[in-house]
Each structure stands twice: as C-alpha cells, then as structure tokens.
Amino acid sequence: MVVPAQALKPGFPAKSGPRRSGRRVALLARYPERDRAMPTFISNHGMRMVEASLRCAELDGLELRIWDLEQASVGELAQEIIDFDPDVVGFSTYIWSFPFFVEVARLVKEDDPGRLIVFGGPSARPSMLNQAPFRAARGWVDALVINDGELTFSEIVASGDRSPQALAQVQGIALPASAGWMETPARPAVDLNEMPSPYAMDLVTHGGLAVLQTYRGCPFTCSFCEWGTLESPRRVRGVEELCREFDGMARQPVDGAILVDAGLNLNPHSFRNLREATQRHGFLENRNLICEVYPAKVKKEHIDFLGSIGQSLVGIGLQSFDNDVLAHVERSYDEARFEQTMYELKSVAAVAVEIILGLPGDSPENFRRSFERARSLPCALRVYHCVVLPSALMVRAPESDAMDYDPVTLKMRSCLGWTERLLQAECDFVTRCAQRDGGRSGQFFWIFPPPGGSY
C-alpha cells in the first residue's frame, strides 16, 4: 500500500510537554507489496539487527515488541501500537514503507506527544522529509537515525532524557530544526564482529532467504546508488563470526542466503573470510547464494568459490553499455573483459545482467541499444526503473540533470535526456517485451529469462 500524498495531513500541532523516559519499545518494518517480479521472502535485516542490539544491551525495564509486517492498514496498525503504549517507536523505512509509516507515526504521536518517534533505514534522511508530501512530518518525527542504527538506537532507548537538547548529543542522527533538519556529528562505522547476530539469537524464524552481510559500505561513489555514500569498507566480519551466523541460519528453514554486501568481489579481505567460513561450515553446500559482482574485478578465486556452493545466482550491475552514460553517474564499464567474465560466471552460476531505465544523461536511443545488447546475451536480464534515492541522486545530482520524479515512489519521471513522454513510452515498451518473452513486471523493475529460457 502506498499512501497518496494528499492523505498526509499537514498542520500537526508542535510537540510540547516532557517526553517519556520509559523503555517500552516498538520496532516496525514492512515488506513491499508482493508482485510477480519480487524474489522470495527476505528478512527485514536492519530492524532485526537493531532488535538484537537492544536485547543484548541488558537495559533495565526493557519491554520490546516487534511488528514484522506484510499486510497492514494505517489505522489498525496505529491502534495496535497505541494499545501496546510504547515510550519509543522505531520505524525501519524504505521507499516502499516510508509513506505508510509516516501516517502511522502521525496517529501514534497524536495519541501521546510524549512518545519518541524515530525513523531509521535508507529513507530516513532529511532530503526525504524535505519532499513536499512529507514536510509536515517534522511535527511528529522526532529523530532520524543516519546510517548504522544499532548503537544509535540503543543509546536513545538507554537514555532517560530524550529532550531535543539531550538528543543533540547523540552521534549519527538528524533532528527537526526551524529551518529543516539539524544533523549531529556522524557516528563511527560499527565493527560487525561486535554486533550481535539476529540469526545466532534465533530472532529470525521465517523461511525464504537469510540475509548475509560481511562488510558495509562501498569503495565506489556511483551517484545513483546509496552504498557509496557510506564509509569505504575496512572492518569485515571474521571467519568465526560468519560460522556462528551460518549456525543460526542453518537452524531455520531457509533456502539459502542473499549477500547484501556491495559486491562479492569488492573487498578482498571479506571475500577470503567468507570463502573460509563457507568451506569450514558447509551451510551453502546445498543451498542458494544470491550476490552481486563487479565484472572488472572478477578473478579465478571468485569463479571457483561460486562453483563450490549449491546454486549461485549472480547479478552483474552494468547499468548501461554506454561508457559516456556511465561516466555521467560516476561509473565505468570494461567492454574488453565483460563478455569473457560473463561466460566464466555462467559456467558456475545463473547470471543476470542489470541495467537502469531513465538514468540522467542517457536517452531512449542509448537505452534501447543497451537493452537489445543485454537481451542478445545468453543470460537473464533485470531492468530497474531509475529511482531518486535520498542519499544518492536526490542530493548528489547536478542541477543540470533537470530531474522530475514522483516525491512518494521516487521513480524518475523526466531528466536530462528523457522527457516524461519518452520515459513512459520506454517503460511501456519494456513491459510489452516482458509479456512477450515470459518475463515479469513489477513496480520498480522488470526481469527477463535468458533467451529461449523461462522463469
């Protein structure tokens, strides 16, 4: 469910009175609505990491309730939270859940302004709250957690003083201010080896795919992507810690794991640890692994690793076959190595090339060439509709990109190289191709089987 912009009610009264000091905490996350292009069930890992940190903090009086949502209505969910009567409410927000949670938070705050409302996740950014449909939410969202949230949220819950003055001393958050939002100094990147694992604690009891993370951040700074806005990865999860993670995953009915690192082959230290842990534990021997690779850095060791596990599904994020287009968004593409790498990967894994429709600086003609080139390859294809992410294009694109995008879904409507009419026409074209070729269409992307294949 996407809450329409007109449903967000402005004019909420300014917060007044003391904030609660108790430790009854509600944590919420919500899955996107299912469509034919969606993968299997994946845990809300960010929220579960926060939950694990809170449970390990040994805070006196902590009473924690989790809402791990699929389907819900704004009014019913808000009433459930109000009935629980929390002191602090934390929402894990993504582009699909942000509008929904803004409205839920409004109702919960309206019931008792003394409750602290905290937004975390990739969409919890001042740039997102400054979008016209959400500006009024400054009246009921008390804090945004920026980047790593485990220690930040635990510190907020641990404190008995949650006044704006006290919160201003917490690293890694943004607070409402008269002219928008005030950011506190950044919190140093966490050491994943020191973070409690929701899998080791048996907090994740669903099936589907487990979420595997060996490091955070990315060495690249592609402007359409939020990974590169994080600190470049230095601290990586150790072998022993990964084995304990595998132990917890193996106790659940999961089909395998999705690696949410920026890439399997972008951090040599983390890859070596993952390979050793996999060999030692055997968790992936008869299970799936979904991961991304950066094609120019694929080596024999990566090919051998992917061939050693049950079933590998590898995404190659090219975004475009045109280097001029890629240079505009701070990316590059090695034409000479690409096909050789793709065929090497295909020898051990199912492979999908990934391109983006509607990138600033691209054009319908250039995109069509990339699309046709991708469809000629003996692998699957994923086409993503360009979205203006809060820590990426929304704050990093130059004015000359002339972006116009939906302020709720963040899907690009027009930009440099694309009129609204031409972008919509190309979306319609890709949808027709998916229908013709046995692919699947979703809200944000399309997937195509290999030529002559099927899903």
Side-chain angles (χ1 to χ4, degrees), residues 15-30 43-69 72 77-93 97 101-102 104-121 124 137 139-176 184-185 187-188 190-191 194-205:
K15 296 182 281 290
S16 61
R19 290 177 178 168
R20 294 185 178 202
S21 60
R23 291 174 177 165
R24 180 176 292 180
V25 178
L27 286 180
L28 296 97
R30 184 173 183 267
S43 169
N44 283 308
H45 192 61
M47 181 192 69
R48 292 296 182 180
M49 287 290 289
V50 171
E51 178 191 5
S53 293
L54 276 176
R55 294 193 185 280
C56 287
E58 298 182 349
L59 300 176
D60 290 340
L62 177 67
E63 186 177 351
L64 179 60
R65 181 171 171 184
I66 303 300
W67 276 265
D68 199 2
L69 303 164
L77 176 59
Q79 190 58 55
E80 284 186 30
I81 300 168
I82 290 167
D83 290 343
F84 175 61
D85 195 25
D87 304 300
V88 181
V89 188
F91 295 90
S92 179
T93 61
S97 60
F101 280 150
V102 165
V104 173
R106 181 185 66 81
L107 295 175
V108 172
K109 188 72 169 182
E110 188 175 44
D111 177 75
D112 185 346
R115 293 191 179 106
L116 192 76
I117 303 294
V118 181
F119 274 26
W140 61 88
V141 176
D142 298 301
L144 309 176
V145 174
I146 309 296
N147 296 332
D148 296 335
E150 297 92 345
L151 298 180
T152 304
F153 193 78
S154 294
E155 181 179 342
I156 291 171
V157 173
S159 175
D161 183 357
R162 297 175 188 139
S163 66
Q165 295 76 15
L167 289 176
Q169 306 307 309
V170 177
Q171 293 179 316
I173 65 174
L175 301 169
T184 66
R187 182 177 293 273
V190 301
D191 184 343
E194 297 176 359
M195 293 292 99
S197 163
Y199 289 102
M201 296 172 66
D202 293 322
L203 299 179
V204 184
T205 57

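Between the side chain of Thr184 and the backbone N or O of Ile173 there is at least one donor-acceptor pair closer than 3.5 Å. Without hydrogens or angle criteria, Arg20 side chain to Val88 main chain gives no donor-acceptor distance under 3.5 Å. Between the side chain of Ser159 and the backbone N or O of Arg162 there is no donor-acceptor pair closer than 3.5 Å. With hydrogens and angles disregarded, a donor-acceptor distance shorter than 3.5 Å links the side chain of Trp140 to the backbone of Val102.
A 4.5 Å side-chain heavy-atom check between Pro196 and Met201 finds at least one atom pair inside the cut-off. Contact of the Leu27 side chain with the Ser92 side chain is not registered, since no non-hydrogen atoms from C-beta on lie closer than 4.5 Å. Side-chain atoms of Thr152 and Asp148, non-hydrogen and from C-beta on, never get closer than 4.5 Å to each other. Side-chain contact check for Leu167 versus Leu116: some heavy-atom pair is nearer than 4.5 Å. With contacts defined as side-chain heavy-atom distances shorter than 4.5 Å, the pair Phe91/Val141 does not qualify. Val170 is listed as a side-chain neighbour of Arg187, based on a closest heavy-atom distance under 4.5 Å. Here the side chains of Ile82 and Gln79 are in contact, with some heavy-atom distance below 4.5 Å. Within the 4.5 Å cutoff, side-chain heavy atoms of Leu54 are placed close to those of Ser154.
Closest non-hydrogen pair, Glu150 versus Val190, comes out as OE1-CG1, 4.5 Å. The two atoms that bring Gln171 and Pro188 nearest to each other are OE1-CD, 3.6 Å, heavy atoms only. Nearest heavy-atom pair across Thr93 and Ala124 is OG1-N, 3.4 Å. Scanning both residues, Pro86 and Val89, for their nearest heavy atoms gives CG-CG2, 3.5 Å.
Here the options are Asp68, Leu77, Asn44, Ile66, the test is side chain to side chain contact (heavy atoms under 4.5 Å, CB included), and the partner is Leu28; only Leu77 passes.
The CG atom of Leu203 sits 4.5 Å away from atom CD of Glu51, with the distance rounded to the nearest 0.5 Å. A distance of 12.5 Å separates CD of Glu155 from OG of Ser53, quoted to the nearest 0.5 Å. Interatomic distance, OG of Ser21 versus CG of Asp87, reported as 7.0 Å (0.5 Å rounding).
Between Tyr199 and His45, the ring-plane angle classifies as parallel under the 30° and 60° cut-offs.
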Legend entry - Phe101 and Val108: CA distance, side-chain angles, deciding distance, side chain to side chain contact (heavy atoms under 4.5 Å, CB included) verdict: CA-CA 10 Å; Phe101 280 150; Val108 172; over 6 Å; no

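Between Asp142 and Arg19 there is a salt bridge, since at least one side-chain N of the basic residue sits less than 4.0 Å from a carboxylate O of the acidic one. The residues Asp85 and Arg115 are annotated as salt-bridged, a charged nitrogen and a carboxylate oxygen being separated by less than 4.0 angstrom.
Under the 6.0 Å distance and 45° angle rule, Arg24 counts as a cation-pi partner of Phe84.
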